[in-house]
Peer 1: 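First the structure, then my questions, so here it is.
Residue numbers run from 1 in the order of the sequence given. When reading the values below, keep in mind they use all heavy atoms of this one structure, side chains included, and skip hydrogens, waters and symmetry mates.
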Amino acid sequence: MLYRLNVTIMGLEGVYRTIEVSGDCTFDQLHWAIFKCFDRYDPHLYSFFLTGKDTDSLRTIYNAPEITHPDAVDGFLGMDGGKDSAADRMLDSAGLREGMVLHYWFDFGDDWWHRIRVESAEEADVRKHLKIVESVGESPPQYPDAEGEW
């Protein structure tokens, strides 16, 4: 499968990225694409939540199946453990389909929440394809307080 994903930062209008990614890529590879396309430089823990639909309710998001940073899978740093590793799960394993929404949480301290909308999911004979195809709006600084902005 080839997915076209629209990634926005929750609460920030007019800024989004569109990413094409093949279903044999892992969620960890998708994380690094998002990290790069929003001009981040300092890595942190992250999780994807397979909510299926759009929501602003953190309770609904937290209750969805979670795919997380490999270091957070088995209780590292006091995390809950028992979650799927983003390094082991391929996108095709998540049953993604057009119109589906996932939520992505980057940096468990600064809480960068993202919405990922599946714009399309098409059969395609591509392997390990990951490409940023559109970038709209300026990326906010990773640490707004350090920059005195946002």
Peer 1: Under a 3.5 Å distance rule, please check whether Glu66 uses its side chain to pair with a backbone N or O of Ser47 as donor and acceptor.
Peer 2: no
Peer 1: Would you say that Asp88 contacts Ile67 through its side chain, given a criterion of any heavy-atom pair below 4.5 Å between the two side chains?
Peer 2: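 Not in contact.
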Peer 1: Locate the shortest heavy-atom distance separating Glu138 from Val15; write the atom from each residue and the value.
Peer 2: O-CG2, 3.7 Å
Peer 1: Quick check against the 3.5 Å criterion: does Arg17 have a side-chain atom that pairs as donor or acceptor with the backbone of Val136?
Peer 2: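 Checking the backbone N and O of Val136 against the side chain of Arg17, a donor-acceptor pair under 3.5 Å is found.
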Peer 1: Got more than 12 heavy atoms from elsewhere within 6.0 Å of NZ, Lys131?
Peer 2: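 No.
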Peer 1: Could you tell me the separation between the NE2 atom of His103 and the OG atom of Ser57, rounded to the nearest 0.5 Å?
Peer 2: 9.5 Å
Peer 1: Does any non-hydrogen side-chain atom of His44 lie less than 4.5 Å from one of Phe106?
Peer 2: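 Counting from C-beta outward, Phe106 and His44 do come under 4.5 Å.
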Peer 1: Hey, what do you get for CE (Met100) to CD (Glu119), rounding to the nearest 0.5 Å?
Peer 2: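 Output value for this atom pair is 15.0 Å.
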Peer 1: Which pair of non-hydrogen atoms, one from His69 and one from Ala86, has the smallest distance, and what is that distance?
Peer 2: N-CB, 4.5 Å
Peer 1: Determine whether the aromatic ring centres of residues Phe48 and Tyr104 are separated by less than 6.0 angstrom.
Peer 2: yes
Peer 1: Asp111: what forms a side-chain hydrogen bond (donor to acceptor under 3.5 Å, both in side chains) with it, not counting sequence neighbours?
Peer 2: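 Asp111 satisfies side-chain hydrogen bond (donor to acceptor under 3.5 Å, both in side chains) with Trp105 once adjacent residues are dropped.
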Peer 1: Could you check Thr51, Ile19, Thr8, Ile34 and say which one makes a side chain to side chain contact (heavy atoms under 4.5 Å, CB included) with Ile116?
Peer 2: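 Exactly one option meets the side chain to side chain contact (heavy atoms under 4.5 Å, CB included) with Ile116, and it is Ile34.
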Peer 1: Determine, step by step, whether Trp113 and Ile9 satisfy the side-chain contact (heavy atoms from CB on, under 4.5 Å) criterion, reporting the C-alpha distance in whole Å, the side-chain angles of both residues, the deciding distance to 0.1 Å, and the verdict.
Peer 2: CA-CA 6 Å; Trp113 281 98; Ile9 297 173; over 6 Å; no
Peer 1: Measure from the side-chain N and O atoms of Thr68 to the backbone N and O of Tyr46, and report whether any donor-acceptor pair falls under 3.5 Å.
Peer 2: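 Yes, Thr68 side chain to Tyr46 backbone: donor-acceptor pair under 3.5 Å.
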Peer 1: Distance-only, no hydrogens or angles: does the Gln29 side chain make a donor-acceptor pair with backbone N or O of Leu130 under 3.5 Å?
Peer 2: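 Not a single qualifying donor-acceptor pair exists.
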Peer 1: Would you compute the distance between atom NZ of Lys83 and atom CZ of Arg89 and round it to the nearest 0.5 angstrom?
Peer 2: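 Separation between the atoms: 14.0 Å.
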Peer 1: Can you confirm whether Met90 is buried at CE, in the sense that more than 12 heavy atoms of other residues, nucleotides or ligands lie under 6.0 Å from that atom?
Peer 2: no
Peer 1: Are any side-chain N or O atoms of His114 and backbone N or O atoms of Trp112, one a donor and one an acceptor, separated by less than 3.5 Å?
Peer 2: yes
Peer 1: Does a side chain donor of either Asp24 or Ser22 reach within less than 3.5 Å of an acceptor in the other side chain?
Peer 2: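 Asp24 vs Ser22: donor-acceptor pair found between side chains.
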Peer 1: If you round to the nearest 0.5 Å, how far is CG of Asp39 from OG of Ser135?
Peer 2: 7.5 Å
Peer 1: Return the minimal non-hydrogen interatomic distance between Phe49 and Ile61, and the atom names on each side.
Peer 2: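 Result for this residue pair: CD2-O, 3.2 Å.
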